Amino acid sequence: MYLVRRTYKTKPGEARRVASLVHKQVQIYHDAGHREEFRVAYNDRTCPGEQNIVVLEWETAAFQSPSRDGNNIPPAAMEAGAAYRPYIEETYIEFWELLTPGKILD
């Protein structure tokens, strides 16, 4: 199992807006069967730490390329993604292997 974390650095004061728009987009993917359960978090100057940040996380059993044969991305998801792009300064993605019970060393 893997944890996938996409982080968005937003323009100042736009983290909550971006978090809402990202959630809308990922819900479309989820409803279409393209994404597992997910969560979105943000810091729009309301918490200590780095500000103007949105974090999207989900767990998955395998990585799959979005440009794989037969993958039909819902057009509504693409439109939803376009809605938050003007508010983004940077984005990156991380992949983490989860320490599941079978992987724990004695």
Side-chain angles (χ1 to χ4, degrees):
M1 286 295 289
Y2 300 93
L3 172 69
V4 182
R5 178 182 298 140
R6 179 171 292 280
T7 301
Y8 305 85
K9 173 79 173 162
T10 72
K11 293 182 178 177
E14 298 294 349
R16 185 174 175 192
R17 178 192 315 268
V18 170
S20 298
L21 293 168
V22 165
H23 188 279
K24 179 180 179 181
Q25 180 191 39
V26 180
Q27 188 66 54
I28 293 167
Y29 279 117
H30 177 73
D31 292 347
H34 286 254
R35 182 71 43 88
E36 292 85 347
E37 292 293 322
F38 65 95
R39 63 181 174 218
V40 178
Y42 70 97
N43 185 359
D44 200 10
R45 304 171 305 212
T46 55
C47 300
E50 192 170 1
Q51 298 177 357
N52 303 308
I53 293 290
V54 174
V55 177
L56 163 64
E57 291 184 336
W58 71 96
E59 294 179 14
T60 187
F63 303 130
Q64 296 186 48
S65 171
S67 58
R68 66 189 178 275
D69 287 340
N71 185 32
N72 297 315
I73 297 173
M78 300 303 288
E79 294 168 14
Y84 62 76
R85 282 191 200 91
Y87 307 106
I88 300 296
E89 291 184 349
E90 177 185 357
T91 185
Y92 60 91
I93 193 164
E94 300 170 86
F95 301 91
W96 297 85
E97 188 163 357
L98 292 172
L99 183 63
T100 56
K103 295 176 188 173
I104 295 174
L105 299 174
D106 292 328

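Keep in mind it's a predicted model, so treat the numbers as computed, not measured.
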Residues clustering with Met78 (ILVMFWY side chains joined when closer than 4.5 Å, directly or via others):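 Reading the cluster by chain and number, Met78 sits alongside Tyr29, Ile73.
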Nonpolar side-chain network containing Val55, other nodes, edges under 4.5 Å: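 Ile53, listed by chain and number.
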Residues Lys11 and Glu89 bridged, charged N to O under 4.0 Å: no
Common cluster, Tyr2/Ile93, ILVMFWY with side-chain heavy-atom separation under 4.5 Å: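 Tyr2 and Ile93: one cluster.
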ring-ring contact (aromatic ring centres under 6.0 Å, His included) partners of Tyr92, counting only residues at least two apart: none
Contacts of type side chain to side chain donor-acceptor pair (under 3.5 Å), residue Gln64, not counting sequence neighbours: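 Once residues adjacent in sequence are excluded, the partners of Gln64 under the side chain to side chain donor-acceptor pair (under 3.5 Å) criterion are Arg68.
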Partner set under side chain to side chain donor-acceptor pair (under 3.5 Å) for Glu37, not counting sequence neighbours: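 Once residues adjacent in sequence are excluded, the partners of Glu37 under the side chain to side chain donor-acceptor pair (under 3.5 Å) criterion are His30.
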Within 6.0 angstrom of Arg6 CZ, more than 12 heavy atoms from elsewhere: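 Counting neighbours around CZ of Arg6, more than 12 heavy atoms of other residues, nucleotides or ligands fall under 6.0 Å, so yes.
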Over 12 non-hydrogen atoms of neighbours within 6.0 angstrom of CG in Asn71: yes
Quick one: pull up [atom1] in [X] and [atom2] in [Y] and give me the separation to the nearest 0.5 Å.
X	Y	atom1	atom2	answer
Arg16	Thr10	CZ	OG1	13.0 Å
Glu79	Gln25	CD	CD	11.0 Å
Trp96	Glu57	CH2	CD	10.5 Å

Taking [Y]'s backbone N and O only, do any of them form a donor-acceptor pair with [X]'s side chain (distance below 3.5 Å, no angle check)?
X	Y	answer
Thr91	Thr7	yes
Lys9	Gln51	yes
His34	Ile28	no

For [X] against [Y], the heavy-atom pair lying closest together:
X	Y	answer
Asp44	Glu14	OD1-N, 3.7 Å
Thr100	Met1	CG2-CB, 4.1 Å
Leu56	Arg35	CD2-NH1, 4.1 Å

Sequence neighbours excluded, every pair satisfying ring-ring contact (aromatic ring centres under 6.0 Å, His included) that has a member inside residues 65-87: Tyr8-Tyr84
Aromatic ring pairing Phe63/Phe95, orientation class (parallel under 30°, perpendicular over 60°, tilted between):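 Rings of Phe63 and Phe95: perpendicular, as their planes differ by over 60°.
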Verdict with reasoning, Thr60 to Val4, per side-chain contact (heavy atoms from CB on, under 4.5 Å): CA-CA 7 Å; Thr60 187; Val4 182; 3.9 Å; yes
